[in-house]
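Numbering of residues begins at 1 and proceeds along the displayed sequence.
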Amino acid sequence: MTSTVVAGVDGSPESTAAAQWAAEEAGRRGASLRLVHAWPWLTDGVAAYAEPDDLPAAAQRTLAEAAEAVRRGHPELAVHTDAVLDSPVDGLVAAAAEAELLVLGSRGRGGFAGLLLGSVSMAVAGRSGTPVVVVRETGQGDRPSGEVVVGVDAHAPEEEVLDFAFREAALRGARVRAVHGWDLPPLFGYAGGAVLAGEVDQLEALEAKLLSLALAGPRERHPAVDVVEDVRLGAARGLVEASAGAGLVVVGRRRRPVEFGPRLGGVAHAALHHAEAPVAVVPHG
């Protein structure tokens, strides 16, 4: 069965960039591309579908234009279009469940009305059981030759997140930059004096050793992928700094058994808002 990459489109420049990024990714994976547009007001909550002729002309035009633009650059790619009769968040989460990957722009209009990063893209990234890539700016584009930067908690590494990053790097012929951000222990804040450089060096050496141990498994499973181990003070800041020139930034998100409460940690939140490359949020746990 052919795998599928889904992209949410709404006619905005950001969603157009997301569709193009998704097309490149589908080509790398040998997958088909499904372009999804949300029109929740087509249903009264009872109807499960609508005939194509029921779709407003604007919806048809949005899907057709997005598909045409993708096919011009990727004539060999199988492209399908679909109107989702649900709220944007629920509809996209459901569409992602049938795919390998969901790709979104950071803001839009129409089906994703008024959505700066922090609304639909943030909500979907926090709920989807499938990895979600957010293309934050139209200028990011697809940079397959750039590093795949992955945030690593060396004290509690997540294999699902690391394997996703290593697979992406293998598909792109790129290397992985594994960034482990760490902070000084709280006791240094109460010391009342300057932290000795030697103490920081010792702590950093320990953190570097933990990172090497965390990467041992992924390196064994993906021996062809080159890896740079990068230990920095400050998890979120270090990851954002490392994103300059990257092809993709990968962060993890813990799956939660309930629907309420925060769904994205501080590092994922910072990356989605500030990274200079598309950001993949990979659920784990």
Side-chain angles (χ1 to χ4, degrees), residues 4-10 12-29 31 33-36 66 69-70 73-74 77 92 96 99-108 112 115-126 128 130-152 161-179 236 238-253 264-265 267-283:
T4 304
V5 172
V6 173
V9 297
D10 62 5
S12 68
E14 290 80 10
S15 78
T16 299
Q20 293 294 337
W21 195 98
E24 293 284 350
E25 183 68 15
R28 279 190 287 268
R29 292 169 175 249
L33 176 64
R34 180 186 175 202
L35 302 177
V36 174
V70 166
H74 306 273
L77 187 64
L92 287 168
E100 285 190 7
L101 190 71
L102 172 65
V103 184
L104 302 174
S106 63
R107 65 184 70 187
F112 308 104
L115 305 174
L116 296 174
L117 192 63
S119 51
V120 162
S121 294
M122 291 288 285
V124 174
S128 173
T130 299
V132 176
V133 174
V134 177
V135 181
R136 192 171 63 85
E137 296 176 356
T138 56
Q140 287 179 330
D142 186 64
R143 300 186 289 226
S145 60
E147 294 178 328
V148 174
V149 175
V150 58
V152 184
V161 179
L162 289 170
D163 280 335
F164 179 92
F166 274 71
R167 286 194 299 268
E168 279 294 320
L171 287 171
R172 295 159 175 264
R175 69 181 181 184
V176 166
R177 178 172 294 275
V179 178
L239 195 63
V240 170
E241 289 174 351
S243 71
L248 183 67
V249 174
V250 180
V251 295
R253 174 190 66 80
L264 291 171
V267 173
H269 194 274
L272 284 167
H273 278 284
H274 303 295
E276 297 182 32
V279 176
V281 180
V282 180

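Counting all heavy atoms, side chain and backbone alike, Trp21 lies closest to Leu248 at CZ2-CD1, 3.9 Å. The two residues Ala236 and Val267 have their closest heavy-atom pair at N-CG2, 4.2 Å. Contact record, Ala125 with Arg253: O-NE, 2.9 Å, taken as the closest heavy-atom pair. Between Val240 and His274, the closest heavy-atom pair is CG1-O, 3.7 Å. Gly252 and Val161 make their closest contact through CA-CG2, 3.6 Å (heavy atoms, listed as atom of the first residue, atom of the second, distance). Contact between Ala19 and Leu33 at its shortest, heavy atoms only, is O-CD2, 4.2 Å.
Summarising the geometry, atom CG belonging to Asp10 is positioned 8.0 Å from atom OG1 belonging to Thr16; distances are rounded to the nearest 0.5 Å. To the nearest 0.5 Å, atom CG of residue Leu239 and atom CZ of residue Arg177 are 11.5 Å apart. The OG1 atom of Thr130 sits 11.5 Å away from the CG atom of Leu92 when rounded to the nearest 0.5 Å. Residue Glu168 holds its CD atom at 7.0 Å from CG of Leu101, rounded to the nearest 0.5 Å.
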Any chance you could lay out the side-chain contact (heavy atoms from CB on, under 4.5 Å) test for Gln20 and Val135, step after step, and finish with the verdict? CA-CA 10 Å; Gln20 293 294 337; Val135 181; over 6 Å; no
Kindly indicate, with the supporting measurements, whether the criterion side-chain contact (heavy atoms from CB on, under 4.5 Å) is fulfilled by Val149 and Ser243. CA-CA 7 Å; Val149 175; Ser243 71; 5.7 Å; no
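Among Val103, Val133, Leu77, the single residue meeting the side-chain contact (heavy atoms from CB on, under 4.5 Å) criterion with Val5 is Val103.
At least one side-chain heavy atom of Leu171 sits under 4.5 Å from a side-chain heavy atom of Glu25.
Scored by the side-chain contact (heavy atoms from CB on, under 4.5 Å) test, Ala165 finds Val148, Val150, Val250 as partners (sequence neighbours excluded).
Arg172 and Glu147 are not joined by a salt bridge, as no carboxylate oxygen comes within less than 4.0 angstrom of a charged side-chain nitrogen.
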